[in-house]
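Input: a single structure, listed below in structure tokens.
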Amino acid sequence: MAQALQPGTTPPRHRRPHAYRPRQQPLGSVQLALLGLAFVMPPLEVDRGDHPEGRSGWLPLLALTIRSRPLLKLCSLTVLLVVAYFAVYTYISLILDRFAGVTADHLAVVLLLYGLAGFVGVWAIGKIADAFPQRAALVTMGSLVVSFAGIGLFASWAPGGVVASVILLGAAFSATPVFLQATVMRVVPQASDVASSLYVVAFQIGIAGGSLVGGLAVDGGLLGVVPWAAAVVVTLGLLTLRVPLPAGAEVPAPVS
């Protein structure tokens, strides 16, 4: 399947359909094992001491959370960042092929470096996300802008610059959910679980929206414009950014 999905390659036709069955059998066994866990795992006990009314007790909390302006702004920022990223990343193999000459044989190497850069990005942002939230946001979003602009800038004359920008994008975006999620926990500390749910919804909207926008651009022959547009979108978000300080410095603890 992975080979079939790589651009510029075709599925191996010389293999018979049943040749894949030995690979499918272990996968099926794992699926059955996971399904069996649903019947043997003990039930999770929920402490409803803070919410004696059950599910109905969450409704006022949900309404209060939705009315939080900082949270709504953060969710809007999340949609913008994720749309910008997935408009580019969904078609990253096409970008690497057209602008850097990276064929299917070398695509795996670039994506491996992209993934390794993601590990570095998460580790680095984890060092400063709590102690210096404003700095973490600026560094992360600034790196996104540099990555997108680098892809657009080097596309016509420097293939190595495109590859380097893509690898930097791996580090920058891998760090993005870390500072976003940490900020969600600060803006509504009394309902962080509900706020996290809304953040996840915003993230999923961004994934779908970014893939759609990128697809429309590719169909319209505007692939080269997508990285520049993504850089502009993140820059606008960067200019309007206000990240709350750690909860102890800005948000009073909820009264029990």
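We count residues from 1, following the sequence as given.
Nearest heavy-atom pair, Ser93 versus Leu107, reported as atom, atom and distance to 0.1 Å: CB-CD2, 3.7 Å. Closest of all the heavy-atom pairs between Gly118 and Ser174 is CA-OG, 3.2 Å. Closest non-hydrogen pair, Ala87 versus Val226, comes out as O-CG1, 3.5 Å. Considering every non-hydrogen atom in both Ala84 and Ala230, the closest pair reads O-CB, 3.6 Å. The nearest pair of heavy atoms linking Ala100 to Val163 is CB-CG2, 4.0 Å. Of all heavy-atom pairs spanning Ala129 and Ala136, the tightest one is CA-CB, 3.9 Å.
Taking CZ from Arg186 and CG from Leu71, the interatomic distance works out to 13.0 Å, rounded to the nearest 0.5 Å. Distance SG/Cys75 to CG/Leu80: 11.5 Å, rounded to 0.5 Å. Taking OG of Ser196 as the reference point, atom CE of Met185 lies at 5.0 Å (rounded to 0.5 Å). Interatomic distance, CG of Asp130 versus OG1 of Thr183, reported as 9.5 Å (0.5 Å rounding). Taking CD of Gln134 as the reference point, atom CZ of Phe179 lies at 9.5 Å (rounded to 0.5 Å). We find the CD1-CG distance between Ile151 and Leu169 to be 5.5 Å, quoted to the nearest 0.5 Å.
Contact of the Tyr199 side chain with the Pro177 side chain is registered, since non-hydrogen atoms from C-beta on lie closer than 4.5 Å. When side chains are defined from C-beta on, Ile92 counts as touching Val166, because their heavy atoms get closer than 4.5 Å. In this structure, Leu116 and Val120 have side chains that are not in contact, with every pair of non-hydrogen atoms separated by 4.5 Å or more. The side-chain heavy atoms of Leu94 and Val218, taken from C-beta on, include a pair separated by under 4.5 Å. Side-chain contact between Trp157 and Phe99 is absent, with no heavy-atom pair separated by less than 4.5 Å. Taking 4.5 Å as the limit, every side-chain heavy atom of Ile207 sits out of range of all side-chain heavy atoms of Tyr85. Put simply, the side chain of Val178 reaches to within 4.5 Å of the side chain of Ile125, judged on heavy atoms.
The hydrophobic cluster containing Val88 also contains Leu238, counting ILVMFWY residues as joined when their side-chain heavy atoms lie under 4.5 angstrom apart, directly or transitively. Clustering ILVMFWY residues whenever any of their side-chain heavy atoms sit less than 4.5 angstrom apart, transitively, puts Ile95 in the very cluster that holds Ile167. Note on Leu144: it does not cluster hydrophobically with Val146, by side-chain heavy-atom contacts below 4.5 Å among ILVMFWY residues. Note on Leu72 and Ile205: separate hydrophobic clusters, where clusters join Ile, Leu, Val, Met, Phe, Trp and Tyr whose side-chain heavy atoms are under 4.5 Å apart, directly or indirectly. Note on Val110 and Leu223: same hydrophobic cluster, where clusters join Ile, Leu, Val, Met, Phe, Trp and Tyr whose side-chain heavy atoms are under 4.5 Å apart, directly or indirectly.
For Ser211 and Thr90, the side-chain atoms include at least one donor-acceptor pair closer than 3.5 Å.
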#### Entry: Criterion side-chain contact (heavy atoms from CB on, under 4.5 Å) on Leu77 and Met141, from CA distance to verdict
CA-CA 11 Å; Leu77 177 64; Met141 295 177 65; 3.9 Å; yes
### Task
For the pair Asp97 and Val102, evaluate side-chain contact (heavy atoms from CB on, under 4.5 Å) and give the outcome as yes or no after the intermediate values.
CA-CA 5 Å; Asp97 183 23; Val102 177; 5.9 Å; no
### Query
Run the side-chain contact (heavy atoms from CB on, under 4.5 Å) check on Trp228 and Leu153 step by step: do they pass?
CA-CA 8 Å; Trp228 289 113; Leu153 179 65; 4.0 Å; yes
### Query
Yes or no on side-chain contact (heavy atoms from CB on, under 4.5 Å) for Thr176 and Leu81, after CA distance, side-chain angles and deciding distance?
CA-CA 9 Å; Thr176 299; Leu81 295 181; 4.0 Å; yes
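Counting only distance, with no hydrogens or angles, the side chain of Tyr91 and the backbone of Gly215 share a donor-acceptor pair below 3.5 Å.
Put simply, the residue from Tyr89, Phe173, Phe119 that forms a ring pair (Phe, Tyr, Trp, His ring centres under 6.0 Å) with Tyr114 is Tyr89.
Classified by interplanar angle (parallel below 30°, tilted 30° to 60°, perpendicular above 60°), the ring pair Phe86/Phe203 is perpendicular.
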